[in-house]
Amino acid sequence: MGLVVQKYGGSSVADAEGIKRVAKRIAATKRAGHEVVVVVSAMGDTTDNLIDLAEQVSPRPPARELDMLLTSGERISMAVLAMAISNLGLEARSFTGSQAGVITDSSHGRARIIDVTPGRIRAALDEGSIAIVAGFQGVSQDTKDITTLGRGGSDTTAVALAAALKADVCEIYTDVDGVYTADPRIVPTARKINRIATEEMLEMAANGAKILMLRCVEYARNYDLPIHVRSSFSPHEGTWVTDAPIPEAFASPRVSQELQQQPVIVGIPHDDKEAKVTVVGVRDDPGIAAVIFKAIAQAEINIDMIVQNVSVGPSGRTDVSFTLPKAEGARAIDALEKVKPAVGFERVEYDDQIGKISLVGVGMRSHPGVSARMFEALAREQINLEMISTSEIRISVVTRADQLEGAVRAVHTAFGLDAKVEAVVYGGSGR
Ligand code: ADP
Ligand code: ASP
Ligand code: MG
């Protein structure tokens with residue numbers, strides 16, 4: 001007997017039919033003799049709809065109240081799912097994040113989990129119950145207010161609970177059969193990855209592959225917890241995200257025994273949620289970049305790529321560009337305007353019509369020529385590269401937003417990743 005944490009995303013529980021389907025799957029796992037903890041997301045596009053509602057009544061809703069509103073989405077699904085399971089003759093109890101012991105800091109909208117004390121979940125399991133936990137939410141240690149963990153945060157709830165309960169595996173159920181070499185909604189010939197190293201999955205998640213939230217992968221790596229990403233709509237084996245041995249009780253013998261040949265490129269994530277800020281006419285003096293980026297950091301904005309060149313010509317001035325999530329754009333501009341007198345730049349330009357495509361794979365370390373091949377594929381499509389950044393196992397480029405999808409398909413083909421069969425997308429709106 002093992003302990004499994006199963007997370008079901010919004011598209012898996014989009015309506016009553018979906019909830020009944022998921023309930024059957026949970027019941028089958030329980031009847032197979034396992035202890036089962038379920039983390040559930042809000043139904044379908046509920047979270048987006050609640051955000052739209054909030055914005056209709058206030059252009060900048062107070063963060064505390066927005067979290068209170070958004071967490072109601074997960075509370076609906078947890079209770080309805082518990083009802084569906086009890087209708088199948090098994091005992092299920094639902095818990096909010098706070099009741100499940102998910103303790104966070106107090107940053108509303110992007111809270112970090114600082115502790116998990118799942119006493120009530122453990123007790124429910126000991127009494128033979130299935131525990132259903134509302135994902136994406138916790139309670140602040142300091143203020144005792146309800147917090148949310150950021151979009152996609154139910155993935156992190158699931159992995160954090162699995163680590164705290166010492167589960168054998170965390171299964172992430174979604175609307176595709178696993179992690180693919182690219183988003184199957186954009187590249188129909190994307191290939192399912194059977195197994196991926198955590199450092200590669202971190203780069204995929206950090207660069208836009210929203211199939212797993214970045215923090216959930218960080219958490220899993222820190223706790224050596226295997227993640228199995230799979231579809232709730234099909235019985236197929238999905239993708240194992242782990243550096244450790246795959247737990248045999250929860251895997252098909254085929255995958256457990258498979259000796260993976262490591263490809264050079266594992267995947268091509270893309271991101272259409274970033275914008276570019278350019279600070280024009282910055283003095284090319286020591287300390288100026290520090291002032292700019294300190295202002296951004298103090299506004300608690302995470303930036304991604306930075307590009308700056310030394311000034312050529314007699315002006316002594318240069319431009320500094322960086323990318324950041326579109327959602328933080330307005331705050332970044334406010335923060336920069338405040339330091340304008342100290343920095344003495346000319347103006348700030350904001351461009352949200354950009355896209356970022358990345359190439360990820362540990363094989364890059366030992367294979368020269370990867371960037372040349374990527375840039376050639378983009379050149380054939382007449383795609384201009386506006387920014388480039390690299391890590392040891394990743395190359396990212398910024399393009400125009402309307403060229404992004406074509407770029408992903410071209411690079412996917414150039415690296416020989418296309419499969420012969422088309423990937424299945426079972427549900428979801430891709431929103
Ligand atoms: P859930 O609601 O189950 O959390 P998400 O919408 O957050 O589901 O994530 C699943 C979606 O992630 C898929 O439908 C797919 O469009 C998208 N996706 C992006 N990149 C990838 C990738 N590399 N592999 C698989 N899916 C991806
Ligand atoms: N419902 C939340 C969201 O849409 C959390 C999640 O689904 O993981 O982001
Ligand atoms: Mg998700």
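Here, residue 1 is the first one in the sequence, and each next residue gets the next number. Note that ligands are numbered from 1 as they come in the structure, with each ligand's atoms numbered from 1 the same way. Values below: all heavy atoms of this structure, side chains included; hydrogens, waters and symmetry mates excluded.
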TODO: Could you tell me whether Lys210 and ligand 1 have an N or O pair separated by under 3.5 Å?
DONE: yes
- [ ] Using only heavy-atom distances, determine whether the side chains of Ser391 and Glu203 contain a donor-acceptor pair under 3.5 Å.
- [x] yes
Task: Cation-pi check, Arg25 onto Tyr173 ring (under 6.0 Å, within 45° of axis) - done: no
TODO: Indicate yes or no: does an N/O atom of Asp175 lie under 3.5 Å from an N/O atom of ligand 1?
DONE: yes
Open item on the list: Quick check on Lys24: does its NZ atom have over 12 non-hydrogen neighbours (other residues, nucleotides or ligands) under 6.0 Å away?
Closed with: no
Task: Nearest-neighbour protein heavy atom for atom 3 (O) of ligand 1, which is reported as residue plus atom name and distance - done: Thr174 OG1, 2.7 Å
Task: Geometric cation-pi criterion, Arg191 with Tyr180: 6.0 Å, 45° - done: no
- [ ] Any atoms of ligand 2 less than 4.0 Å from a non-hydrogen atom of Arg151? List them with their elements.
- [x] 3 (C), 4 (O), 9 (O)
Open item on the list: I'd like to check which ligand 1 atoms, numbered from 1 as shown, lie under 4.0 Å from a non-hydrogen atom of Lys7.
Closed with: 4 (O)
Task: Option from Thr174, Asp175, Asp177 for which side chain to side chain donor-acceptor pair (under 3.5 Å) with Tyr426 holds - done: Asp177
- [ ] For Arg21, look at atom CZ and say whether over 12 heavy atoms of other residues, nucleotides or ligands are found less than 6.0 Å away.
- [x] yes
- [ ] Please indicate whether any nitrogen or oxygen in Gly10 is less than 3.5 Å from any nitrogen or oxygen in ligand 1.
- [x] yes
Task: Nearest non-hydrogen protein atom, atom 15 (C) of ligand 1 - done: Asp183 OD1, 3.3 Å
TODO: Establish, from distance only, whether the side-chain atoms of His412 and Asp418 form a donor-acceptor pair under 3.5 Å.
DONE: yes
- [ ] Answer yes if the side chains of Ser140 and Thr147 hold a donor-acceptor pair under 3.5 Å, and no otherwise.
- [x] no
Open item on the list: Which residue in the set Ile268, Ile388, Val397 passes side-chain contact (heavy atoms from CB on, under 4.5 Å) when paired with Met374?
Closed with: Val397
Task: Distance-only donor-acceptor check, side chains Thr189 and Glu422, under 3.5 Å - done: no
Task: ligand 2 contact by Gly153, heavy-atom criterion under 4.0 angstrom - done: yes
Open item on the list: Considering Gly9, Gly178, Ala209 one by one, which has a heavy atom nearer to atom 25 (C) of ligand 1 than any of the others?
Closed with: Gly178
TODO: Considering heavy atoms of the protein only, find what lies nearest to atom 23 (N) of ligand 1 and give residue, atom and distance to 0.1 Å.
DONE: Tyr180 O, 3.0 Å
Open item on the list: Would Lys7 count as a polar contact of ligand 2, with the cut-off being nitrogen or oxygen pairs under 3.5 Å?
Closed with: no
TODO: Can you sort out which atoms of ligand 2 are near Ser41, meaning under 4.0 Å from one of its heavy atoms?
DONE: 6 (C), 7 (O), 8 (O)
TODO: May I ask whether Met213 has any heavy atom positioned less than 4.0 angstrom from an atom of ligand 2?
DONE: no
TODO: Check whether any N or O atom of Gly152, backbone or side chain, sits under 3.5 Å from an N or O atom of ligand 2, and answer yes or no.
DONE: yes
Task: Contact check, Ala182 vs ligand 1, heavy-atom distance below 4.0 Å - done: yes
Task: Residue-ligand contact Ser41/ligand 1, heavy atom below 4.0 Å - done: no
Task: Closest candidate by heavy atom, reference atom 26 (N) of ligand 1, pool Ile211, Val179, Val187, Ile186 - done: Ile211
TODO: Side-chain contact test, heavy atoms from C-beta onward, threshold under 4.5 Å: evaluate it for Val5 versus Glu171 and give yes or no.
DONE: no
Open item on the list: In this structure, does ligand 2 have an atom that sits under 4.0 Å from one of the heavy atoms of Gly9?
Closed with: no
